[in-house]
Amino acid sequence: MENLIVKNVDVMGDFIAAAQDQDGNIWVGVRWICDALDMTEGQRKRQIKNIQKDMAFEKVGSNWIPLRTDGGVKEVFCIRNDFVPLWLAKITITEKTREERPDFAKKLLDYQLKAKDILAEAFLPKQDTPPLTLKEQVRTIAQGTAELYERVDKVAVAVDDVKSEIETIKNDLPILPIEADEITKAVRRRGVQVLGGKESPAYNDRGLRQRVYNNLYANLKYNFEGIRSYKAIRRKDTDKAIKIVNEYNPPLFLAEQIEAVNTQQSFDFEGGAGR
């Protein structure tokens with residue numbers, strides 16, 4: 001490529017090498033983003049390999065661009081700036097990664113949401129312009145939307161496949177903390193009901209109460225085979241999980257223990273009253 005404008009752009013504290021070609025396209029060095037996300041060399045190579053195999057980037061989304069590295073100017077693998085969010089969205093964050101590397105998970109999300117705009121802004125000419133009127137803003141948004149669809153049409157991949165993949169990623173994500181709280185509240189509520197209420201002898205028997213709650217969670221995990229914790233339930237299954245909890249009935253041995261404790265306490269009370 002000729003007539004490149006090359007810059008090291010400050011993206012939230014990390015310097016990312018990027019270049020703008022004569023057509024106005026901005027190309028971003030993949031290795032610099034991988035380094036910013038603290039990936040190993042092996043992980044970086046795997047990301048480049050994944051992009052090269054992905055049809056969404058095959059024709060217009062990736063290229064080899066001459067950029068300055070520690071070893072001088074070299075041809076390095078780049079992706080077009082407007083494809084950066086799509087690439088980063090394909091990097092799956094597991095529950096284990098979220099727990100062990102919370103800073104990485106947050107930084108990846110920040111890059112997904114902000115990196116593209118920061119890189120684009122770095123190549124915009126600096127000028128003072130009056131704010132757009134509401135009508136002009138609507139026109140600009142409409143024009144940008146039309147251009148976006150035009151670019152999508154040029155990508156050699158079926159749109160339905162891309163939508164299906166994105167939807168699968170969303171649905172397969174583990175539940176969020178707010179959804180985990182909803183399940184926990186449902187478990188507590190059902191446990192109180194099964195034990196006979198918070199004033200019941202069975203509820204106030206700590207050992208029996210714990211056995212009931214353990215069995216409630218065990219039953220929930222049994223219905224979602226393969227998970228080690230209810231927090232691994234997929235977001236799309238939250239309502240199903242709560243329904244399972246609400247319909248829970250203790251197994252016979254627990255039901256008999258609950259009845260025995262509640263009945264015995266009641267009998268003792270009546271006997272004492274008689275005396």
Side-chain angles (χ1 to χ4, degrees), residues 37 88-113 163-275:
L37 294 174
L88 295 177
K90 291 174 178 282
I91 301 177
T92 303
I93 304 176
T94 63
E95 182 181 11
K96 181 178 179 181
T97 300
R98 187 180 289 104
E99 292 176 352
E100 296 180 352
R101 300 181 61 194
D103 291 342
F104 166 76
K106 181 181 182 302
K107 192 169 188 179
L108 177 58
L109 179 60
D110 287 341
Y111 263 69
Q112 289 171 346
L113 297 176
K163 288 183 177 179
S164 176
E165 185 174 351
I166 293 174
E167 191 64 27
T168 299
I169 292 173
K170 288 170 56 180
N171 288 333
D172 285 343
L173 286 174
I175 55 176
L176 297 174
I178 189 172
E179 293 156 343
D181 287 343
E182 291 177 5
I183 294 176
T184 300
K185 290 176 182 178
V187 168
R188 291 173 180 169
R189 184 168 57 249
R190 185 55 183 160
V192 171
Q193 294 171 348
V194 166
L195 289 161
K198 290 188 176 182
E199 303 301 323
S200 69
Y203 180 84
N204 288 281
D205 184 324
R206 179 178 296 180
L208 179 55
R209 183 174 71 237
Q210 189 61 49
R211 288 195 295 275
V212 169
Y213 282 120
N214 287 343
N215 189 255
L216 254 164
Y217 280 114
N219 178 69
L220 184 58
K221 289 190 287 185
Y222 173 79
N223 280 275
F224 293 95
E225 185 177 1
I227 65 171
R228 295 184 177 182
S229 166
Y230 76 96
K231 294 181 180 179
I233 293 172
R234 293 174 296 182
R235 293 185 63 190
K236 68 175 184 178
D237 292 329
T238 302
D239 291 342
K240 180 180 178 181
I242 292 175
K243 183 174 185 293
I244 290 171
V245 171
N246 290 338
E247 294 177 353
Y248 165 83
N249 286 306
L252 182 60
F253 77 94
L254 268 181
E256 290 178 345
Q257 290 178 30
I258 293 169
E259 183 179 4
V261 170
N262 284 337
T263 302
Q264 180 63 40
Q265 293 287 339
S266 175
F267 176 78
D268 290 346
F269 177 78
E270 292 175 359
R275 291 193 295 271

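Between I175 atom CD1 and Y230 atom OH the span is 6.5 Å, to the nearest 0.5 Å. To the nearest 0.5 Å, atoms CZ (F253) and CD1 (I258) are separated by 9.5 Å. Rounded to the nearest 0.5 angstrom, N246 CG and Q193 CD are separated by 7.5 Å. In this structure, NZ in K231 is found 7.0 Å from CD in E99, a value given to the nearest 0.5 Å. Rounding to the nearest 0.5 angstrom, the gap separating the CG atom in L37 from the CG atom in D103 is 12.0 Å. To the nearest 0.5 angstrom, R101 atom CZ is 10.0 Å from L108 atom CG.
Y248 approaches N215 most closely through the heavy-atom pair OH-OD1, 2.6 Å. Summarising the geometry of R235 relative to P174, their closest heavy-atom pair is CG-O, 3.1 Å, with the distance given to 0.1 Å. Of all heavy-atom pairs spanning A202 and L195, the tightest one is CB-O, 3.5 Å. In this structure, Y213 and V187 approach most closely via the heavy-atom pair CE2-O, 3.3 Å. The minimum heavy-atom distance linking L254 with P250 is given by the pair CB-CB, 4.0 Å.
Applying the salt bridge (charged side-chain N to carboxylate O under 4.0 Å, His left out) test to every pair with at least one member in residues 248-262, sequence neighbours left out, gives no pairs at all. The stretch residues 205-217 participates, sequence neighbours left out, in no salt bridge (charged side-chain N to carboxylate O under 4.0 Å, His left out) pair at all.
For the pair N219 and V245, the minimum side-chain heavy-atom distance is 4.5 Å or more. At least one side-chain heavy atom of L220 sits less than 4.5 Å from a side-chain heavy atom of I233. Two residues are said to be in side-chain contact when any heavy atoms from C-beta on lie closer than 4.5 Å; R190 and N249 meet this criterion.
Under 4.0 Å is where a charged nitrogen must lie from a carboxylate oxygen, and between D110 and K106 at least one such pair does.
Residue-environment remark: NZ (K107) exceeds the threshold of 12 foreign heavy atoms within 6.0 Å. Around atom CZ of R188, no more than 12 heavy atoms belonging to other residues, nucleotides or ligands sit under 6.0 Å away.
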Open item on the list: K240 vs D237, test: salt bridge (Lys or Arg N to Asp or Glu O under 4.0 Å). Steps then yes/no.
Closed with: CA-CA 5 Å; K240 180 180 178 181; D237 292 329; 5.4 Å; no
